[in-house]
Amino acid sequence: MDQLELLKQNWKQREQEYPKLSYDQIYDMLFRKSTSIVKWIFIISVLELLFWVGLYFISPKSSFEVIEKLGMKPFMLAFNVVHYIIVLIFIYYFYKNYVSIKVTESTKTLMERILSTRKTVRYFVIYNVVAFAIALVVINYFYFTKSDLLMQALEESYGIIPNDPQFLTIFLISQIVVGVILILLLLLFYRLVYGILLRKLKKNYKELERIEM
Amino acid sequence: MNKELEHSFVTQLEENQNIVHKICRLYTNDADAHNDLFQEITIQLWKAFPKFRGDSKFSTWMYRVGLNTAITLYRKSKRRVETHDFESVSFKITADEYDDTVELQLRLMYDAVKQLNDIDKALVFLYLEDKNYREIADTLGISEVNARVKMNRIKEKLRTILNP
């Protein structure tokens, strides 16, 4: 390749053509904010972790009352204990992966670390969606089998007096519809945010992998 | 961070800033993007600097951080309109000693390199910087044999771009 060799020979001589920044200009840059994808991934991941942990706290008190009145408390307690242990394990792995991201690694290792940090959070979200779906099914099963108690609890906690015979069906269907919409929104969010953030990285990672094939 | 560390870092970066500029020019298409990427590479270098132990040369260490930032960490800002003016202005004829054909060939070659994907560009860049295949392979995290094979393929690719 003659032209590439020609460019190589000229490469050093071209150096004076590049801009020259002063000491002060470089010094100022040390205190600016990074806009790297790792920073964005970290922010978004922490928000996701907070969102799923926080969801529990923003649930209205009255819904816990309903659950209690239906005799589901032991189930919910066991569910929560297991849930928080799993959350802690996820946070540990997320942190461990995150601190292992080092810009001084080889390009391939760096990409792998970023992708595995992302994967931890993705699994966390998948876990939450599945747990959410299971809880939805179990709770609705309770509602369905103890519909008398449910009606009673709804009346006491919310002041709803259902007299429509179709009420229970509508109630259950609306629960499922809301659940499905939530899951769809989440998937959309995923496609948008990570699609944009990680598109370049994934493309380059595949390119590197192809070299090794 | 203490002043001494800051001073040592800035002095070394000022001395070796050409490496960063070369990466920026290869991976961006206008002055704003160039400055943006330079800034990001500087921040990444600075963040990694306390762990830099000096068992390799400062410049060697810069290649890795610089390329990793350009390939992996840097996100182009969307609002910018990309232009190619910057490139043509800066890589223009500078000395009389080159005749026009040589200059034209250099320009065409450089433009062809810029059309490569991010990974191929990194290989060519390190090759132009006269790094050996061991270093190229280490920087990218691939094997030396594969780096060599890949470089030959890229040369072919460049040939196709220049003579379609």
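First the proteins, then the strands, lettered A, B, ... as listed; each starts at 1.
- Interface remark: B/Leu123 contributes side-chain atoms only to the contact with chain A (heavy atom separation under 4.5 Å).
- Atoms OG1 and CG, on A/Thr35 and B/Asp36 in that order, are 6.0 Å from each other to the nearest 0.5 Å.
- Open room surrounds OH on A/Tyr93; 12 or fewer heavy atoms of other groups in view lie less than 6.0 Å from it.
- Of all heavy-atom pairs spanning B/Glu6 and A/Phe31, the tightest one is OE2-CZ, 3.6 Å.
- Most heavy-atom pairs under 4.5 Å with chain A, from the set B/Leu67, B/Val65, B/Ile142: that is B/Ile142.
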task: Give the intermediate values and the outcome of side-chain contact (heavy atoms from CB on, under 4.5 Å) for residues B/Tyr74 and A/Ile37.
output: CA-CA 7 Å; B/Tyr74 176 65; A/Ile37 60 159; over 6 Å; no
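- Within residues 104-117 of chain A, the residues having any heavy atom closer than 4.5 Å to a heavy atom of chain B are A/Thr104, A/Glu105, A/Ser106, A/Thr107, A/Lys108, A/Leu110, A/Met111, A/Ile114, listed by residue number.
- Interface check for chain B: of the options A/Asn204, A/Ile26, A/Val38, the most heavy-atom pairs under 4.5 Å are formed by A/Asn204.
- Scanning for salt bridge (charged side-chain N to carboxylate O under 4.0 Å, His left out) contacts around B/Arg148 gives B/Glu144, with sequence neighbours left out.
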Q) Do B/Phe125 and A/Trp11 pass the side-chain contact (heavy atoms from CB on, under 4.5 Å) test, and can you show the C-alpha distance, the side-chain angles, and the key distance before you say yes or no? A) CA-CA 10 Å; B/Phe125 171 67; A/Trp11 195 245; 4.0 Å; yes
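- Closest non-hydrogen pair, A/Ser22 versus B/Glu14, comes out as C-OE2, 4.2 Å.
- Ring centers of A/Tyr18 and B/His34: at least 6.0 Å apart, outside the cut-off.
- Ranked by heavy-atom pairs under 4.5 Å with chain A, the first of B/Asn117, B/Val149, B/Ile43, B/Asn68 is B/Asn68.
- Residues B/Lys3 and A/Tyr27 come closest through the heavy atom pair NZ-OH, 3.0 Å.
- Distance CE/A/Met29 to CG/B/Leu45: 11.5 Å, rounded to 0.5 Å.
- Atom OH of A/Tyr141 has 12 or fewer neighbouring heavy atoms from other residues, nucleotides or ligands inside a 6.0 Å radius.
- Scanning all heavy atoms of the two residues, the minimum distance from A/Lys200 to B/Ala70 falls at NZ-O, 3.1 Å.
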Query raised in the report: So B/Met109 and A/Leu6, side-chain contact (heavy atoms from CB on, under 4.5 Å) or not? Walk me through it.
Result: CA-CA 9 Å; B/Met109 191 64 222; A/Leu6 189 68; over 6 Å; no
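- From B/Trp46, atom CH2 reaches atom CZ of A/Arg32 across 15.0 Å, with rounding to the nearest 0.5 Å.
- The candidate with the highest count of non-hydrogen atom pairs below 4.5 Å against chain A, out of B/Thr11, B/Ile119, B/Val145, is B/Ile119.
- Within residues 205-213 of chain A, the residues having any heavy atom less than 4.5 Å from a heavy atom of chain B are, in residue-number order, A/Glu207, A/Leu208, A/Ile211, A/Glu212.
- For B/Phe52, no part lies under 4.5 angstrom from a heavy atom of chain A.
- Summarising the geometry, atom CG belonging to B/Leu128 is positioned 10.5 Å from atom NZ belonging to A/Lys12; distances are rounded to the nearest 0.5 Å.
- Taking CG of A/Leu4 as the reference point, atom NZ of B/Lys155 lies at 6.5 Å (rounded to 0.5 Å).
- Contact annotation for A/Lys20: both backbone and side-chain heavy atoms come within less than 4.5 Å of a heavy atom of chain B.
- Heavy atoms from other residues, nucleotides or ligands lying under 6.0 Å from OH of A/Tyr95 number 12 at most.
- If you measure heavy-atom distances from A/Leu201 to chain B, the contacts under 4.5 Å come from the side chain alone.
- Within 6.0 Å of CZ on A/Phe51 lie more than 12 heavy atoms contributed by other residues, nucleotides or ligands.
- Per-residue heavy-atom pair counts under 4.5 Å with chain A were compared for B/Gln39, B/Gln105, B/Lys150, and the maximum is reached by B/Gln39.
- For the set B/Thr69, B/Val124, B/Leu73, B/Thr139, the entry with the most heavy-atom pairs within less than 4.5 Å of chain A is B/Leu73.
- Summarising the geometry of B/Gln17 relative to A/Pro19, their closest heavy-atom pair is OE1-O, 3.7 Å, with the distance given to 0.1 Å.
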Candidate pair B/Tyr110 and A/Gln3, rule side-chain contact (heavy atoms from CB on, under 4.5 Å), full reasoning:
CA-CA 9 Å; B/Tyr110 190 76; A/Gln3 281 140 309; over 6 Å; no
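- With sequence neighbours left out, A/Lys102 forms a side-chain hydrogen bond (donor to acceptor under 3.5 Å, both in side chains) with no residue at all.
- In terms of heavy-atom pairs under 4.5 angstrom with chain A, the leader among B/Leu108, B/Asp118, B/Thr42, B/Asp130 is B/Asp118.
- For the atom pair CD of A/Gln25 and CG of B/Asn35, the computed distance is 9.0 Å after rounding to the nearest 0.5 Å.
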